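Start at 1 and go down the list; that is how both ligands and their atoms are numbered. Just so it is clear, the structure is predicted and the values come from calculations on it, not from any experiment.
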Amino acid sequence: MLFFGGDYNPEQWPEEVWVEDVALMRQAGVTAVSLGVFAWSQLEPEEGRFEFGWLDRIMDRLHAGGIKVALATPTASPPPWFTLAHPEGLPVTADGVRLTHGSRDTYCVSAPPYRAAARRIAAELAGRYARHPALALWHVHNEYGTDCRCDLTAASFRGWLEKRHGSLDALNEAWTTTFWSQRYSDWAQITPPRATQYLPNPAHVLDFRRFLSDELLGAFVEQRDLLRAANPDVPITTNFVQGGWVSVDHARWAAELDVVAVDHYPAAADDEAEAETAFGGDLARGWAHRDGGEWLLMETAPNLIYTPGRMHAKEPGRLTRHSLNYLARGSRGAMYFQWRQPRGGAELFHSALVPHAGPDSPVFREAIGLGRTLKALTGKVAGPVVADVAVGWDAPSWWALQAGGLPAAEIDYLAGVRQVHRALYRSGFATDFVFPGLDEIGARLRSYRIVVLPFLYLVSDASAAALRDFVAGGGHLVVGHLSGIADPAGRIRLGGYPGAFRDLLGVRVVEWRPLAPGTTIALDDGEQGVRWSERVETAGAATLVRYAGDVLAGAPAITRNRYGSGSAWYVSPGLDDDALRRLLDRVAAEAGVAPVLPGLPPRFEAVRRGELLFLFNHGDVPGTVPLPGPARVVVSGREVSGSLTVPPGGATAIRLE
Ligand code: GAL
Ligand code: ZN
């Protein structure tokens with residue numbers, strides 16, 4: 001089955017509407033819904049008193065309609081009674097303010113009463129529904145990512161720190177607490193990072209985020225184990241959310257999930273939305289590499305794009321293109337937030353398959369067409385996306401580069417990674433993500449010809465050694481500035497940047513010269529450096545491009561070092577999109593890596609998954625794609641040879657014969 005449906009909140013509607021819901025779901029070809037995500041106050045109206053009648057009725061009704069259920073545990077939003085009964089279960093901000101109910105996600109994951117309440121409702125649901133015939137997937141919680149700085153969190157943090165560092169001396173050493181008289185002489189002196197006078201210790205903040213990731217994971221695992229015990233055959237997931245504020249290291253979490261599920265919301269109205277969709281899908285597939293790269297798009301907005309400050313209605317065809325794009329990049333279907341647009345509540349204008357206007361609406365009509373397409377693709381979309389290129393992703397490096405006191409305020413980890421991915425995407429290369437911080441990195445690297453590391457600021461000795469082996473064995477490694485700078489605790493690797501990769505790259509960086517926004521530095525190949533420049537000395541590497549302006553004139557800017565049977569490239573300046581793309585195209589040419597399908601018209605995209613080739617026309621004019629051989633259009637069964645024309649805004653899947 002391909003998942004097609006979305007978050008369904010029948011608890012917000014009278015039961016007459018449920019009848020219409022199921023009829024409309026059938027009309028659209030919906031195969032699954034996520035149920036009960038925020039229904040705690042309806043399932044447990046008073047502490048310990050449960051009301052499952054309504055859930056029984058809708059589960060049965062959905063089952064009768066042939067619709068599967070991803071049943072959620074509602075633990076992301078404790079009811080008001082929880083607040084009054086267990087005030088210590090509420091989160092405290094860094095400023096010491098204890099939050100209260102009235103929104104969602106208002107709980108402290110380290111508070112025993114919250115954990116007990118979460119286990120209780122999860123166990124009740126497990127006991128009642130684990131063998132319900134509609135149940136296809138457990139959806140634990142929603143978008144883990146909350147933060148709390150209370151005393152209970154402090155106690156738990158200290159326990160985590162003892163395990164990580166072993167002793168206070170080791171912690172003091174790792175955190176460089178000699179700086180500003182921060183030396184701890186008793187574990188009890190350590191708190192979560194809280195409001196303080198000036199810059200906090202970055203190592204303290206970094207460890208706290210790692211701790212939160214593990215603490216939240218503990219809460220997930222606790223529920224997962226309860227659900228699994230009730231029926232080991234039902235897979236369990238939780239929906240990952242991304243954002244700079246999220247203290248979840250998804251690469252590590254993924255190992256604990258049966259299915260990697262991801263919520264993804266592109267945030268640009270123009271073609272950048274398609275580039276973001278590609279990025280989200282590729283990153284999700286990276287997290288799911290243990291499952292052959294298969295993951296599930298649990299939420300996206302069907303008919304809207306939430307751009308900063310404004311909702312943008314998707315143009316006709318865009319819902320379909322985005323959905324098929326996630327599918328092509330490894331998703332097991334396409335699920336949305338949400339099924340029916342609510343009448344009230346905080347997100348009353350958020351996107352839905354059945355909008356306020358009702359089913360007589362562009363979005364619902366497009367959903368019907370999409371449902372038909374997905375039905376035709378069912379059983380035919382399988383197999384891996386094979387990529388020769390991978391980009392490094394490292395949550396702790398992201399967190400570390402959010403500290404104050406960095407050499408430039410504009411350093412933006414996500415933007416840096418996105419830019420590399422976008423350049424590869426625009427050139428049409430299939431691109432994976434790898435996670436240099438994971439133990440298995442050495443084995444993972446062996447699948448790729450090219451690995452690009454933007455902003456891999458923190459790196460362990462073991463990861464650096466794995467990257468060296470990758471190059472020695474014939475790989476092409478491209479390292480950007482601000483990579484290999486510090487050890488995992490955030491201490492600088494001395495002797496010249498990038499300490500972890502100096503020998504591999506054959507360079508030594510002795511001075512950073514970040515550029516002010518809007519300024520550039522000339523390079524001797526005619527390109528411009530942006531955002532960043534630095535004084536590089538070569539120590540074995542060949543200089544390919546030099547700085548041509550400023551006090552750096554004549555100094556190396558882009559270098560390549562032959563190492564074993566591979567090459568390690570160093571890109572010292574920031575580059576704009578086009579210059580970066582030209583550089584990566586050059587690396588690809590040297591590495592013998594080709595795009596998925598050469599010769600695509602402008603604004604076209606090709607993605608290969610298993611035996612299928614997906615073609616997307618994101619432009620306003622038809623375009624004709626040269627095909628390598630005879631093929632068959634999957635949905636229509638039509639045979640094509642030589643070439644295929646895709647209409648404006650269209651998407652199609654073909655099987656090459
Ligand atoms: C998601 C969240 C949903 C809903 C949605 C709004 O991140 O999981 O519950 O808030 O955003 O678009
Ligand atoms: Zn707390």
Side-chain angles (χ1 to χ4, degrees), residues 6-9 11-12 33-40 70 72-78 82-83 86-100 103-115 118 139-160 191-194 208 211-212 215-216 218-219 237-243 245-248 261-267 280 296-308 311-312 314 322 335-342 345-353 355:
D7 275 42
Y8 178 38
N9 300 98
E11 69 275 18
Q12 295 171 7
V33 293
S34 290
L35 203 58
V37 178
F38 291 106
W40 198 343
T73 64
T75 50
S77 203
F82 177 81
T83 304
H86 308 285
E88 74 280 29
L90 298 174
V92 175
T93 67
D95 292 321
V97 176
R98 195 176 282 278
L99 303 179
T100 193
S103 182
R104 67 175 176 188
D105 291 304
T106 313
Y107 60 86
C108 166
V109 79
S110 303
Y114 167 73
R115 293 283 276 266
H139 173 311
V140 175
H141 201 87
N142 192 66
E143 300 189 335
Y144 277 103
T146 48
D147 174 304
C148 176
R149 313 285 167 117
C150 76
D151 289 344
L152 294 168
T153 304
S156 191
F157 182 38
R158 287 178 204 124
W160 182 92
T191 65
R194 288 176 176 161
F208 185 68
F211 152 76
L212 271 182
E215 188 80 339
L216 291 162
T237 193
T238 181
N239 50 341
F240 287 170
V241 64
Q242 283 184 59
W245 51 275
V246 177
S247 292
V248 167
V262 172
D263 296 352
H264 194 253
Y265 291 87
L296 176 61
L297 177 73
M298 187 62 92
E299 287 183 26
T300 191
N303 60 334
L304 297 177
I305 298 176
Y306 311 126
T307 67
M311 294 187 187
H312 172 91
K314 287 187 190 178
H322 287 179
M335 303 279 281
Y336 307 91
F337 185 85
Q338 57 187 321
W339 166 251
R340 190 183 275 279
Q341 200 170 22
E347 293 185 334
L348 75 172
F349 297 117
H350 276 235
S351 186
L353 289 164

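Note on D151 versus R98: no salt bridge recorded, every NZ/NE/NH1/NH2 to OD/OE distance being 4.0 Å or above.
The structure places OG of S351 at 4.5 Å from OH of Y306, a figure rounded to the nearest 0.5 Å. Interatomic distance, L212 CG to R149 CZ, rounded to the nearest 0.5 Å: 7.0 Å. To the nearest 0.5 Å, atoms NE2 (H322) and CG (L297) are separated by 11.5 Å.
Annotation for P192 and A154: closest pair CD-CB, 3.4 Å, computed over non-hydrogen atoms. Among all heavy-atom pairs drawn from P342 and E347, the shortest one is CG-O, 3.8 Å.
The count of protein N, O or S atoms under 2.8 Å from the Zn ion (ligand 2) stands at 4, with waters excluded from the count.
Atoms of ligand 1 found under 4.0 Å from any heavy atom of H350, numbered from 1 in the order shown, are 6 (C), 12 (O). Within ligand 1, the atoms closer than 4.0 Å to a non-hydrogen atom of F38 are 9 (O), numbered from 1 in the order shown. For ligand 1, the atoms lying closer than 4.0 Å to a non-hydrogen atom of D263 are 8 (O). For ligand 1, the atoms sitting less than 4.0 Å from at least one non-hydrogen atom of N142 are 2 (C), 8 (O), 9 (O), numbered in the order shown with element in parentheses. Atoms of ligand 1 found under 4.0 Å from any heavy atom of Y306 (numbered from 1 in listed order, with element): 12 (O).
For atom 2 (C) of ligand 1, the closest non-hydrogen atom of the protein is E299 OE1, 3.2 Å. Ranking the protein heavy atoms by distance from atom 7 (O) of ligand 1 puts E143 OE2, 2.5 Å first. In this structure, atom 5 (C) of ligand 1 lies nearest to the protein heavy atom Y265 OH, 3.4 Å. Of the protein's non-hydrogen atoms, E347 OE1, 3.2 Å is the one closest to atom 4 (C) of ligand 1.
Between F82 and H86, the angle of the ring planes lies from 30° to 60°, which puts this pair in the tilted group. A parallel orientation is assigned to the rings of Y107 and Y114, their planes being inclined by less than 30° (bins at 30° and 60°). Using cut-offs of 30° and 60° for the angle between ring planes, the Y144 and H141 rings count as parallel.
Distances from ligand 1 to the non-hydrogen atoms of R104 include at least one value under 4.0 Å. Under a 4.0 Å heavy-atom criterion, V241 is not in contact with ligand 1.
Every residue two or more places apart in sequence or in another chain was checked for a salt bridge (charged side-chain N to carboxylate O under 4.0 Å, His left out) with D263, and none qualifies.
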Worked check of side-chain hydrogen bond (donor to acceptor under 3.5 Å, both in side chains) between E299 and Y265:
CA-CA 8 Å; E299 287 183 26; Y265 291 87; 2.6 Å; yes
